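The structure under discussion appears below in the form of structure tokens.
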Amino acid sequence: MFKNVLINEDHDAVLASITKILRELHVESIEKSQYCDEAYLKLKKGALEARNFDLLITDLSFKQDHRDTTIASGEMLIEKLREEFPDLPIIVYSMKDQLQKIRGLLNTYHINGYVCKDRNGSAELAAAIKAVSKKAIYVSPQVKKALSPKSQLEIDDYDIRLLKMISEGQSQDEISSNLKLNGVTPNSLSTIEKRLNKLREQFKANNAIHLVAITKDLGVI
């Protein structure tokens, strides 16, 4: 079992619940942070003092307040940690259940566990901690499809870029110009139109606004 665990969570009740689970699993040392910047500094400090954390449990969403932050989300924290602490086991404990988002965390950042915060969340988190301590990957049953290498939701970075530009209110002409300016290909107006039409069919969207709404709900953008 893990000996030194850091919990990164900004809700006191959830922090208390996770702490209780870890104590029941006989974790020796538990530290807490409520900001991603704080979590990053604690991990860095632990490494410098030769008392490395052997597990991070983090949420993805953190409410902004008066405090200035440079790492605004759990996903940004995970991306940064994977560069500096590639072997650190990470379990995400989040309300988000979008398959595309979870698949990205698993495939891109190689998180070790993903647990949905719901009525079974505490039991699943305990199971995830046990599984990850044995070098296994744990994903909540309701989002297990995220482990599948193929899905109708699987789209590439180019498609995601187009969707983000559409969501920003850019016209197809503006998208084409911006892609050309940044050296991104393909960038022709006809190609952009074809890709957007394909995405509308794929997500069964009636128009561009509907497409943006659907893909945001699914966590694609």
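Here the structure is a predicted model, which means the values were calculated and not measured. This chain uses plain numbering: 1 for the first residue, then up along the sequence.
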**Item:** Salt bridge flag under 4.0 Å for residues Lys20 and Glu24
**Value:** yes

**Prompt:** Counting distance only, does the side-chain N/O of Thr69 pair as donor-acceptor with the main-chain N or O of Ala72 below 3.5 Å?
**Reply:** no

**Asked** Is there side-chain contact between Pro86 and His110, with at least one heavy-atom pair below 4.5 Å?
**Response** no

**Asked** Taking side chain as C-beta onward, heavy atoms only, is Ile90 less than 4.5 Å from Arg82?
**Response** yes

**Prompt:** Can you list the steps and then say if Leu6 with Ile57 is a side chain to side chain contact (heavy atoms under 4.5 Å, CB included)?
**Reply:** CA-CA 6 Å; Leu6 176 62; Ile57 299 172; over 6 Å; no

**Message:** If you define the side chain from C-beta out and look only at heavy atoms, does anything of Tyr93 sit under 4.5 Å from Val14?
**Reply:** yes

**Side-chain heavy atoms of Lys194 within contact of Asn197, under 4.5 Å** = no

**Message:** Just so I know, are the side chains of Cys36 and Met76 near enough to count as touching, which here means a heavy-atom distance under 4.5 Å?
**Reply:** no

**Item:** Heavy-atom closest pair, residues Asn187 and Ile192
**Value:** O-CD1, 3.8 Å

**Prompt:** Taking everything shown except Ile209 itself, do over 12 heavy atoms lie less than 6.0 Å from its CD1?
**Reply:** no

**Request:** Report the C-alpha separation of Leu106 and Ile111 in whole Å, then their side-chain angles, then the decisive distance to 0.1 Å, and conclude whether the side chain to side chain contact (heavy atoms under 4.5 Å, CB included) test is met.
**Result:** CA-CA 5 Å; Leu106 289 163; Ile111 63 169; 3.8 Å; yes

**Met95 atom CE, over 12 foreign heavy atoms within 6.0 Å** = no

Under 3.5 Å, sequence neighbours excluded: what are the donor-acceptor pairs made by side chains of residues 113-120?
residue, atom, partner, partner atom, Å
Tyr114, OH, Lys96, O, 2.6
Lys117, NZ, Glu9, OE1, 2.7
Lys117, NZ, Asp59, OD2, 2.9
Asp118, OD1, Asn120, N, 3.0
Asp118, OD1, Gly121, N, 3.1
Asp118, OD2, Gln142, NE2, 2.5

**Item:** Non-hydrogen atoms of Leu15 and Gln34 that approach each other most closely
**Value:** CD1-NE2, 3.6 Å

**From CG (Leu60) to CG (Leu77), nearest 0.5 Å** = 10.0 Å

**Request:** May I ask you to decide if Arg51's main-chain N or O and Asn4's side chain share a donor-acceptor pair within less than 3.5 Å?
**Result:** yes

**Heavy-atom pair of closest approach, residues Leu88 and Phe53** = CD1-O, 3.5 Å

**Request:** Grab the two heavy atoms, one from Leu179 and one from Pro186, that are nearest each other, plus how far apart they are.
**Result:** CD1-O, 3.8 Å

**Asked** Are any side-chain N or O atoms of Ser133 and backbone N or O atoms of Lys130, one a donor and one an acceptor, separated by less than 3.5 Å?
**Response** yes

**Message:** One pair to check against side chain to side chain contact (heavy atoms under 4.5 Å, CB included): Phe85 and Lys44. What are the steps and the verdict?
**Reply:** CA-CA 9 Å; Phe85 301 93; Lys44 291 283 286 184; 4.1 Å; yes

**Item:** Pairwise distance CG(Leu196) to CG(Asn207) - rounded to 0.5 angstrom
**Value:** 12.0 Å

**Request:** State, to 0.1 Å, how close Tyr138 and Ala131 come at their nearest heavy-atom pair, and which atoms those are.
**Result:** CB-CB, 4.1 Å

**Prompt:** Out of curiosity, Met165 CE to Ser171 OG, how far, rounded to the nearest 0.5 Å?
**Reply:** 9.5 Å

**Request:** Nearest 0.5 Å please: distance from the NZ atom of Lys45 over to the CD atom of Glu38.
**Result:** 11.5 Å

**Item:** Check against side chain to side chain donor-acceptor pair (under 3.5 Å), Tyr109 and Glu75
**Value:** CA-CA 9 Å; Tyr109 302 123; Glu75 189 168 357; 4.7 Å; no

**Complete:** For Lys63 and Asp10, the nearest pair of non-hydrogen atoms, with its separation, is N-OD2, 2.9 Å

**Item:** Any Met1 side-chain heavy atom under 4.5 Å of His26 side chain
**Value:** no

**Message:** Is it the case that atom CG in Asp68 sees more than 12 heavy atoms from other parts of the structure closer than 6.0 Å?
**Reply:** no

**Message:** If we ignore hydrogens and angles and just use 3.5 Å, is the side chain of Thr108 paired with the main-chain N or O of Leu105 as donor and acceptor?
**Reply:** no

**Item:** Over-ring placement of Arg67 relative to Tyr35, 6.0 Å and 45° cut-offs
**Value:** yes

**Item:** CZ/Arg161: more than 12 non-hydrogen atoms of other groups inside 6.0 Å
**Value:** no

**Message:** Between Leu22 and Ile7, does the side chain to side chain contact (heavy atoms under 4.5 Å, CB included) criterion hold? Intermediate values first, please.
**Reply:** CA-CA 10 Å; Leu22 291 169; Ile7 309 168; 3.7 Å; yes

